[in-house]
Amino acid sequence: MTAGIKDKIVVVTGASSGLGEATARLLSTEGATVVLGVRRVDRLRTLAKELETRGGRALALTTDVSQREQVKALLDTAVQTYGRVDVMINNAGLMPQAPLERLKVDEWDRMIDVNLKGVLYGIAAVLPHMQRQKSGHIINVSSVAGHKVGPGFAVYAATKFAVRALSEGLRQEVKPYNIRTTVISPGAVATELPDSVTDPATSKPIRTFYDQVAVPADSFARAVAFAMSQPEDLDINEILYRPTKQEV
Ligand SMILES: NC(=O)c1ccc[n+]([C@@H]2O[C@H](COP(=O)([O-])OP(=O)(O)OC[C@H]3O[C@@H](n4cnc5c(N)ncnc54)[C@H](OP(=O)(O)O)[C@@H]3O)[C@@H](O)[C@H]2O)c1
């Protein structure tokens with residue numbers, strides 16, 4: 001078991017696939033209790049059952065992170081059930097990339113609602129608990145696209161730049177409460193994320209790019225485990241990683 005993970009109560013949004021699912025699996029194996037929130041709760045229930053069969057503790061709750069009261073209910077249920085929350089991983093997100101001139105305004109709204117407001121709602125839901133506990137760790141998921149912008153992913157990048165900005169503000173503000181903050185910015189990771197691209201001209205090159213360079217989702221889970229397993233007086237604030245093959 002890795003120090004700093006065993007017996008921790010960890011809430012993960014977006015755990016029905018990809019980075020969130022891989023993280024739930026790794027942390028559960030390392031002895032954490034995982035509380036998982038997504039919209040496709042059937043997938044989560046199967047995952048939670050599997051983790052329990054292997055000796056872990058897991059709770060699956062229907063949560064749409066764009067609905068503030070649902071995110072609050074996820075955190076409140078975690079605390080009511082297990083007595084506290086140690087780590088909040090604001091991971092849920094989508095990436096329907098397309099050039100701005102396609103005017104996919106509904107997708108812009110959705111990315112802002114999930115990738116940005118969903119993270120804010122996660123912070124709003126967990127902060128009162130962690131302030132009361134005078135301990136905790138908030139992990140937000142940005143992206144290489146939170147460091148670099150290019151044609152076709154302006155809005156996605158805008159949400160991920162924003163996640164980095166608010167994570168840095170959060171880091172400075174929560175010092176009095178002994179709360180750690182980490183923002184993780186992955187490069188291309190093989191998940192269902194490219195499925196959210198609806199623009200046919202954008203979808204094909206993204207799939208080719210992912211097929212050529214993407215690394216498995218446990219890369220992210222290991223980054224989470226690294227940040228969590230540091231001594232309590234050490235706060236890993238930023239992790240940026242890419243597949244070795246990824247140039248951008
Ligand atoms: N894969 C990459 O290359 C990569 C790189 C950098 C950053 N990221 C970031 O990593 C995070 C996870 O993405 P992923 O790659 O693991 O993609 P994924 O496999 O598509 O997983 C996305 C997860 O988010 C959940 N989700 C989507 N909308 C939601 C909502 N409104 N409320 C609650 N959950 C919601 C999905 O579950 P439901 O559909 O069941 O709700 C799913 O579990 C995202 O923030 C993404 O931007 C990914």
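We count ligands from 1, going down the list as the structure has it; atoms in each ligand are counted the same way.
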Q: Can Arg207 and Asp195 be counted as an ion pair, charged N to O under 4.0 angstrom?
A: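 Asp195 and Arg207: salt-bridged.
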
Q: Can you tell whether the side chains of Glu107 and Arg110 come within less than 4.0 Å, N to carboxylate O?
A: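 The answer is no: the pair does not qualify as a salt bridge.
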
Q: Looking at Asp109 and Lys104, is there a salt bridge between them, counting it only when a charged N and a carboxylate O are closer than 4.0 Å?
A: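 Answer for the salt bridge query: no.
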
Q: For Arg43, is there an ion pair with Glu192 - N to carboxylate O distance below 4.0 angstrom?
A: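 A salt bridge is present here (some side-chain N lies under 4.0 Å from a carboxylate O).
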
Q: Mind checking what makes side-chain contact (heavy atoms from CB on, under 4.5 Å) contact with Asp76, not counting sequence neighbours?
A: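 Listed in chain order: Lys72, Gln80, His129.
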
Q: Under 4.5 Å between side-chain heavy atoms, counting indirect links through other Ile/Leu/Val/Met/Phe/Trp/Tyr residues: same cluster for Val85 and Val65 or not?
A: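 Val85 clusters together with Val65.
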
Q: Any idea which residues sit under 4.0 Å from ligand 1, heavy-atom distances?
A: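 Correct list: Gly14, Ala15, Ser16, Ser17, Gly18, Leu19, Val38, Arg39, Arg40, Thr63, Asp64, Val65, Asn91, Ala92, Gly93, Arg110, Val114, Val141, Ser142, Ser143, Tyr156, Lys160, Pro186, Gly187, Ala188, Val189, Thr191, Glu192, Leu193, Tyr210.
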
